[in-house]
Amino acid sequence: CRGMFLGRTRYEVRYGRCPLKREKANGVTPFERLLERSRLCEKQTRQTFDAFDRDGISPQLRQARMLAMGAANSGEWLTLGGYRGVGKSHLAAAVALHVMQRGRQAYFRLVSELLDDLRDGHESGKYAAQMKFLKTVPWLILDDLGKEHETGAAYDYLYQVIDSRYRENRQIIVTTNARSKEELASWGDNSFLAPLISRMDEMGDWAFITDAKDYRERIGRVRREAAAIK
C-alpha cells in the first residue's frame, strides 16, 4: 500500500484493500472523518487560532490564547472562564481543530446537551457506549460548564466522565461563564464542583477573561468594515 505523507512516499504493509486508496476513492481525508465525529458546527470549523482576531485584544485574552495553544500541544487541561462572548468557545474550537489536523480525535459538546444525550442514552440503551466514548476520546471539550441547574443524577454522569479522564490522564478543555474559581464553586452541586475544581487545579491552567469586550460584536464590526471597503 503506497501513499504520500508530508511530501514523502509512505509504504504500509496490510492485508486487504489499501486504506489510502479507499480514502482517495471516497474523497474523504482522515481529518474530515475526525471532523464528522467532533460535533463542531459548520461555523466552528473556521475558528482556528489563525482566525482569532488579535487586533486590540486585552492582555487576559492574549494570555488565554497563548495557554490554549500550549494546551493543544501539551495535552494539559485548561479552563477558560469569563464573560459571555469574549472568545472562549472560539479558542476551545481552535484546540479541537489543531489536534484533529494532527490525527487525534476531539469531541466538542455543550455541557447541557451532553447531559441530555446521556439521559436519552439511558432510555435507548446507548448509555454504556456513550460513556465509554466520553471517557476514552483523546480530547474532550466541555463548553459552558456551571449553569446547567441539573439534578444529582446528571452531575453523577459528568463526574464519572471527568474522574475517569483524570485518573487516565486524558485531556479536558472547559469553558465557563464563571469569572473565578469561587464563582464556579457557588453554582450548582458543590459535591460535584468542588472535586472538579480540585482536579482542574492539579491537571492544568485557568484563564479568566474579565477585561475584554464582546468578541462577537468585535468580529461583526470588522466584517462590516471590510464589506464597506469593498
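Computed from heavy atoms alone, side chains included, the values below leave out hydrogens, waters and symmetry copies. All residue numbers in this chain count up from 1 along the given sequence. If you're wondering where the values come from, they're calculated on a predicted model, not measured in any experiment.
How far CE of Met203 is from CD of Glu76: 8.5 Å, rounded to the nearest 0.5 Å. Atom OG1 of Thr79 is separated from atom CG of Leu184 by 8.0 Å, given to the nearest 0.5 angstrom. To the nearest 0.5 angstrom, Met100 atom CE is 4.0 Å from Ser38 atom OG. Note: Leu142 CG to Ser112 OG = 11.5 Å, rounded to the nearest 0.5 Å. Annotation: the span from Tyr107 atom OH to Arg39 atom CZ amounts to 4.5 Å, rounded to 0.5 Å. Between Leu61 atom CG and Met66 atom CE the span is 12.0 Å, to the nearest 0.5 Å.
Taking Ala71 as the reference, Leu78, Gln171, Ile173 meet the side-chain contact (heavy atoms from CB on, under 4.5 Å) condition, with sequence neighbours excluded. Remark: Met131 engages Leu118, Tyr127, Lys135, Gln160, Val161 in a side-chain contact (heavy atoms from CB on, under 4.5 Å) (not counting sequence neighbours). For Gln101, the side-chain contact (heavy atoms from CB on, under 4.5 Å) partners at least two apart in sequence or on another chain are Phe31. Here Thr176 pairs with nothing under the side-chain hydrogen bond (donor to acceptor under 3.5 Å, both in side chains) rule; sequence neighbours left out. With sequence neighbours excluded, no residue forms a salt bridge (Lys or Arg N to Asp or Glu O under 4.0 Å) with Glu36. Remark: Glu168 engages no residue in a side-chain hydrogen bond (donor to acceptor under 3.5 Å, both in side chains) (not counting sequence neighbours). Annotation: side-chain contact (heavy atoms from CB on, under 4.5 Å) contacts of Thr210 (sequence neighbours excluded): Gln60, Tyr83, Arg179. Evaluation of the side-chain hydrogen bond (donor to acceptor under 3.5 Å, both in side chains) rule for Arg46 yields Glu42 as partners, not counting sequence neighbours.
Looking at Val86 and Ile209, their side chains come closer than 4.5 Å, going by heavy atoms from C-beta outward. Contact annotation: the side chain of Leu196 never approaches that of Leu158 to less than 4.5 Å [non-hydrogen atoms, C-beta and beyond]. Side-chain contact between Val174 and Leu80: absent, with no pair of heavy atoms (C-beta onward) separated by less than 4.5 Å. Between Thr29 and Arg33 there is no side-chain heavy-atom pair separated by less than 4.5 Å. Leu40 has its side chain within reach of Leu97: a pair of non-hydrogen atoms, C-beta onward, lies under 4.5 Å apart. Here the side chains of Trp77 and Ile162 are in contact, with some heavy-atom distance below 4.5 Å.
A donor-acceptor pair under 3.5 Å is formed between the side chain of Asn73 and the backbone N or O of Met69.
Across Val137 and Arg170, no two heavy atoms sit closer than the pair O-CD, 4.2 Å. Taking both residues in full, the closest heavy atoms of Leu67 and Ala207 are given as CD1-CB, 3.9 Å, listed atom of the first, atom of the second, then distance. Scanning both residues, Asp143 and Ser89, for their nearest heavy atoms gives OD1-OG, 2.8 Å. Residues Ala72 and Val99 share a closest heavy-atom pair of O-CG1, 3.6 Å. Of all non-hydrogen atoms in Leu34 and Gly103, the two that sit nearest each other are CD1-C, 3.7 Å. Nearest heavy atoms, Ala92 versus Thr175: CB-CG2, 3.9 Å.
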Task: Phe208 vs Gln63, side-chain contact (heavy atoms from CB on, under 4.5 Å): CA-CA, chis, key distance, verdict - done: CA-CA 9 Å; Phe208 290 105; Gln63 173 74 2; over 6 Å; no

- [ ] Determine, stepwise, if the pair Val111 / Asp144 fulfils side-chain contact (heavy atoms from CB on, under 4.5 Å).
- [x] CA-CA 6 Å; Val111 171; Asp144 208 8; 5.7 Å; no

Open item on the list: If you apply the rule side-chain contact (heavy atoms from CB on, under 4.5 Å), what do you find for Gln47 with Leu91, and how did you get there?
Closed with: CA-CA 8 Å; Gln47 293 182 335; Leu91 289 175; over 6 Å; no

Task: Candidate pair Gln44 and Phe108, rule side-chain contact (heavy atoms from CB on, under 4.5 Å), full reasoning - done: CA-CA 10 Å; Gln44 289 172 318; Phe108 186 107; 3.3 Å; yes

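Aromatic pair His90/Phe49: ring centres not closer than 6.0 Å.
In the hydrophobic clustering of ILVMFWY residues, with side-chain heavy atoms under 4.5 Å counting as a link, Ile197 and Trp187 come out together. Under the 4.5 Å side-chain heavy-atom criterion for Ile, Leu, Val, Met, Phe, Trp and Tyr, Leu110 and Ile172 are members of distinct hydrophobic clusters.
Classified by interplanar angle (parallel below 30°, tilted 30° to 60°, perpendicular above 60°), the ring pair His122/Tyr157 is tilted.
Pairs passing the salt bridge (Lys or Arg N to Asp or Glu O under 4.0 Å) check and including a residue from residues 85-110, sequence neighbours excluded, read Arg109-Glu113, Arg109-Asp117. For residues 197-209, the side-chain hydrogen bond (donor to acceptor under 3.5 Å, both in side chains) pairs, not counting sequence neighbours, are Tyr159-Arg199, Asp163-Arg199, Tyr166-Glu202, Lys181-Asp201, Asp201-Trp206.
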